[in-house]
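Take a look at the structure set out below.
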Amino acid sequence: MTKEITLKLKNKFLNKYKKGYPLLWKEAISNVEVLKEEGTLLRLTDEYDRFLGKGYYGRQNKGYGWILTQNENESIDQKFFDNKISTAFNKRRSFFQDDETTAFRLFNGEGDGIGGLTIDNYDGYYVITWYSLGIFTFKDFILRSLQKVSTFRGIYQKKRFNTAGKYVEDDDFVTGERGEFPITVKENGVNVAVHLNEGPMTGIFLDQRNVRQAIRDQYAKGRRVLNTFSYTGAFSVFAALGGAENTTSVDLANRSLPKTREQFSVNNIDYEAHKIKVMDVFKYFNYAYKKGLTFDMVILDPPSFARSKKRTFSAAKDYKDLVKKAVQLTEDDGIIVASTNHSGFGMDKFKSFIKQAFKEAGKKYKLLEEHDLPKDFPSIEEYPEGNYLKVVFIKKFS
Ligand code: SAH
């Protein structure tokens, strides 16, 4: 952490920031040339030097830093980090007490008061994700706070420093005990194999916990399930445990085959009884259509953007067509689970894609339930973009 500098915000943006918008946009700054070292503390003012807030300079794909307080008397010091982190831990008390779920988010960026920082707990191993070099300069403060409020086994970190939010390749171990990976964590009683020192992803996306539970407990029984963009097959494993007749997992990445087998195996399920296809989902759709394959449940969880050899997929542009393809493969009275983590559109727009897809496919549907982020991923009203997850369960009719 270095000195504090004064950053002036343009008139046009004052209302937004006065209302508590936490992300500092480059376009909102009038003296951007004073920004030099990331991690610099910022005193934000209007053109007339009237105080607006305090924050830090850190460049992410989204912006130039985060506002941490609108209180002029609050300092950004050890006490500040201690407060934020202990408050976040207190909010998760019920998670710490639940033996059936040992992996959850401890600290969710601006939703817990510090944008650009997340901390996840994997059964006593913490994973800190730094979304800029700026927030990384506060590392010692944050580690000290963690040491004060909790006992952990070890800490790993993911650096997502460059402006595209891409992971920086590294040994991710920070302190404490090294884990022997995979470690097995639990989610609602289900085993999940997790690797904390193998690149940016750990094997499970914690924000889909409630969706996996709904699939297992309410929807999977007796159904033939197609899980597209399946990654490590987490949805397939939960479906299998919920009594699915069979599952087919489809993902382009070579790693998805061993990773999906691993998740079945740690739950004592014979992976040979399930299909795992390493292939482009769009190719699989064509193949399944030609072969006359159908399913009773189709899960769609594409990345917001993806580029494969043949095509680019953008959720904002292409989700409707994806649903339309899924409709073709889904039996009447079957379920489509449509999920997106694209922060660029909200639930209403997402539902409009679904409506349009069914209209074009000439089929009727009913929305059965919807999900956003779980309790351990809090967001704030002032920054609705932070509540990025949208999942709907849809029943298809003839
Ligand atoms: N549903 C998963 C997470 C999906 S992450 C879960 O719940 O754990 C997105 C995945 O999409 C990645 O594993 C990536 O390899 C895969 N992917 C991206 N483009 C693809 C394509 N065209 N066909 C198949 N898989 C694709």
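It should be emphasised that the depicted structure is a prediction, and the values quoted were computed from it without experimental measurement. Just follow the structure's listing: the first ligand is 1, and inside any ligand the first atom is 1.
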**OP:** Consider only side-chain heavy atoms of I, L, V, M, F, W and Y, link residues closer than 4.5 Å, and tell whether F313 and V391 are in one cluster.
**Re:** no

Original post:
Taking all non-hydrogen atoms of both residues, which atom of D332 and which atom of K396 are closest, and how far apart?
Top reply: OD1-CE, 3.3 Å

**OP:** Of all the heavy-atom pairs spanning K19 and E382, show the shortest one and how long it is.
**Re:** O-CG, 3.2 Å

Subject >> Co-members of the apolar cluster containing L252 [side chain, <4.5 Å] >> reply: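 Cluster partners of L252: none, it stands alone.
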
Original post:
Which of these, D120, L146, L106, T118, sits in a side-chain contact (heavy atoms from CB on, under 4.5 Å) with I128?
Top reply: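 Exactly one pass, corresponding to L146.
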
Please tabulate, one line per pair, the protein N or O atoms found under 3.5 Å from any N or O atom of ligand 1, giving the distance to one decimal.
unit_1: ligand 1; atom_1: 1 (N); unit_2: F229; atom_2: O; d: 2.9
unit_1: ligand 1; atom_1: 1 (N); unit_2: D301; atom_2: OD2; d: 2.7
unit_1: ligand 1; atom_1: 13 (O); unit_2: D251; atom_2: OD1; d: 3.4
unit_1: ligand 1; atom_1: 13 (O); unit_2: D251; atom_2: OD2; d: 2.6
unit_1: ligand 1; atom_1: 13 (O); unit_2: R255; atom_2: NH2; d: 3.3
unit_1: ligand 1; atom_1: 15 (O); unit_2: D251; atom_2: OD1; d: 2.7
unit_1: ligand 1; atom_1: 22 (N); unit_2: D280; atom_2: OD1; d: 3.4
unit_1: ligand 1; atom_1: 23 (N); unit_2: V281; atom_2: N; d: 2.9
unit_1: ligand 1; atom_1: 25 (N); unit_2: L252; atom_2: N; d: 3.1

**OP:** Going by the ring pair (Phe, Tyr, Trp, His ring centres under 6.0 Å) test, name the single residue among F397, F393, F358 that passes it with Y365.
**Re:**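 Option passing the ring pair (Phe, Tyr, Trp, His ring centres under 6.0 Å) with Y365: F358.
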
